Amino acid sequence: MGRMGIVVSDLVLSFMWIWAGVLVNILVHGVLGFSRKDTTGDIVRYLFSVISMFVFAFLQKLTKGGLYNPLTALASGVSGGFGSFIFSVVVRIPVEVIGSILAVKHIIHVFPEIGKGPKLNVAIHHGALTEGILTFFIVMLSLGLTRKIPGSFFMKTWIGSIAKLTLHVLGADLTGGCMNPAAVMGWAYARGEHITKEHLLVYWLGPVKATLLAVWFFNVVFKPLTEEQQEKPKAKSE
């Protein structure tokens, strides 16, 4: 798939990702009737969230690299060289943001009573640190699953989904545990809060810096280990 196909995939997946989260909530709390304060309802919602992540992992594989999270695109761009970095920053990330904004507008049109997205419940710097820490760990895990850990599609997706869900739960009461600036941007844009200091620092600057740090740390710590492992068989053969 060429770059145009990747861009279209990013747009569609970003749109679908926002809708998927809303539909899960409607299904659990609206159709099935679970209370938002009910522990059983939370467990059911988490189950559907994991299923949703499996579906999107399959769609990413089907589209050969389509993404819905700017942080994933940024990590991929930084790891892929200067050309890939520019393409990610200038094209892919803006397209993912546009897809999220269009999705939220569509959702509000169809379900006017729907919620307003994640909310910051702590101080700005505390929120930025929280999103940054969550992002750092999920990017590190994603890089490890992609590059270093052998295994089936199912096992990698299962590990990644459970990790994302766990980190989301840990940060839910503080920042929403989003780890996806585009998704937050869609709701913030609908509220007219997309250029506020709170939004930019907590949901963009913190996660972006954490992503860059995670990629750098991963390459510094794990790349030399891989190179040593590759050199040992050569030495033995000589």
Side-chain angles (χ1 to χ4, degrees), residues 1-22 52-53 56-57 59-110 116-120 124 127-128 131-132 134-136 138-139 142-143 146 164 168 175-216:
M1 181 180 291
R3 287 193 167 184
M4 182 57 69
I6 288 293
V7 171
V8 173
S9 297
D10 286 357
L11 180 68
V12 173
L13 289 181
S14 299
F15 185 93
M16 291 175 61
W17 177 254
I18 302 296
W19 259 107
V22 170
S52 175
M53 284 187 269
F56 276 87
L59 291 175
Q60 287 178 295
K61 187 176 181 180
L62 186 66
T63 58
K64 298 181 180 179
L67 300 173
Y68 54 86
N69 190 332
L71 301 178
T72 309
L74 178 62
S76 176
V78 171
S79 304
F82 183 73
S84 177
F85 173 76
I86 294 299
F87 178 62
S88 295
V89 172
V90 176
V91 180
R92 299 193 72 177
I93 291 177
V95 165
E96 289 163 15
V97 170
I98 291 171
S100 298
I101 291 174
L102 292 175
V104 171
K105 283 191 171 186
H106 191 223
I107 289 167
I108 293 175
H109 177 73
V110 177
K116 296 184 178 180
K119 181 182 179 182
L120 180 65
I124 291 178
E131 282 291 316
L134 297 177
T135 298
F136 178 84
I138 199 60
V139 171
S142 298
L143 291 172
T146 302
K164 288 178 184 177
H168 166 72
T175 62
C178 305
M179 300 169 284
N180 186 336
V184 184
M185 181 73 163
W187 293 103
Y189 185 86
R191 300 192 304 265
E193 300 175 357
H194 56 292
I195 56 174
T196 61
K197 180 181 178 181
E198 172 185 307
H199 173 73
L200 295 176
L201 286 179
V202 175
Y203 298 107
W204 280 98
L205 184 60
V208 166
K209 290 175 68 175
T211 299
L212 296 175
L213 178 62
V215 173
W216 172 81

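Being a predicted model, the structure only gives us computed values, none of them experimental. Residue indices begin at 1 and follow the sequence shown.
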Open item on the list: As a quick check of understanding, evaluate side chain to side chain contact (heavy atoms under 4.5 Å, CB included) for Val104 and Ile108, giving each step before the final call.
Closed with: CA-CA 6 Å; Val104 171; Ile108 293 175; 3.7 Å; yes
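- Not one N or O on the side chain of Asn69 forms a donor-acceptor pair closer than 3.5 Å with the backbone of Ala182.
- Here Ile6 contributes atom CD1 and Arg3 contributes atom CZ; the two are 10.0 Å apart, rounded to the nearest 0.5 Å.
- Sorted by first then second residue, the side chain to side chain donor-acceptor pair (under 3.5 Å) pairs that include residues 82-98, not counting sequence neighbours, are Asp10-Arg92.
- Among residue pairs with one or both ends in residues 66-106, those qualifying as ring-ring contact (aromatic ring centres under 6.0 Å, His included) are Phe15-His106, Trp17-Tyr68, Trp19-His106, Phe56-Tyr68; sequence neighbours excluded.
- With Thr63 contributing its side chain and Gln60 its backbone, the two residues share a donor-acceptor pair below 3.5 Å.
- Rounding to the nearest 0.5 Å gives a distance of 10.5 Å between CD of Glu193 and CG of Leu120.
- Nearest heavy atoms, Met179 versus Leu71: O-CD1, 3.5 Å.
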Without placing hydrogens or testing angles, list every side-chain donor-acceptor pair under 3.5 Å for residues 200-210, not counting sequence neighbours.
unit_1, atom_1, unit_2, atom_2, d
Tyr203, OH, Thr175, O, 2.7
Trp204, NE1, His199, NE2, 3.1

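- Closest approach of Val139 to Ala75, counting heavy atoms only: CG1-CB, 4.3 Å.
- To the nearest 0.5 angstrom, Leu67 atom CG is 8.0 Å from Ser14 atom OG.
- In this structure, Val78 and Leu212 have side chains that are in contact, with non-hydrogen atoms separated by less than 4.5 Å.
- The heavy-atom pair separating Ala73 from Ile93 by the smallest distance is CB-CG1, 4.2 Å.
- By the salt bridge (Lys or Arg N to Asp or Glu O under 4.0 Å) test, Glu198 is found to be paired with no residue, residues two or more places apart in sequence or in another chain being considered.
- Shortest non-hydrogen contact noted between Ala103 and Ile18 is CB-CB, 3.6 Å.
- Pairs engaging residues 68-77 under the salt bridge (Lys or Arg N to Asp or Glu O under 4.0 Å) rule: none recorded [sequence neighbours left out].
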For residues 183-190, which side-chain donor-acceptor pairs fall under 3.5 Å, sequence neighbours excluded?
none

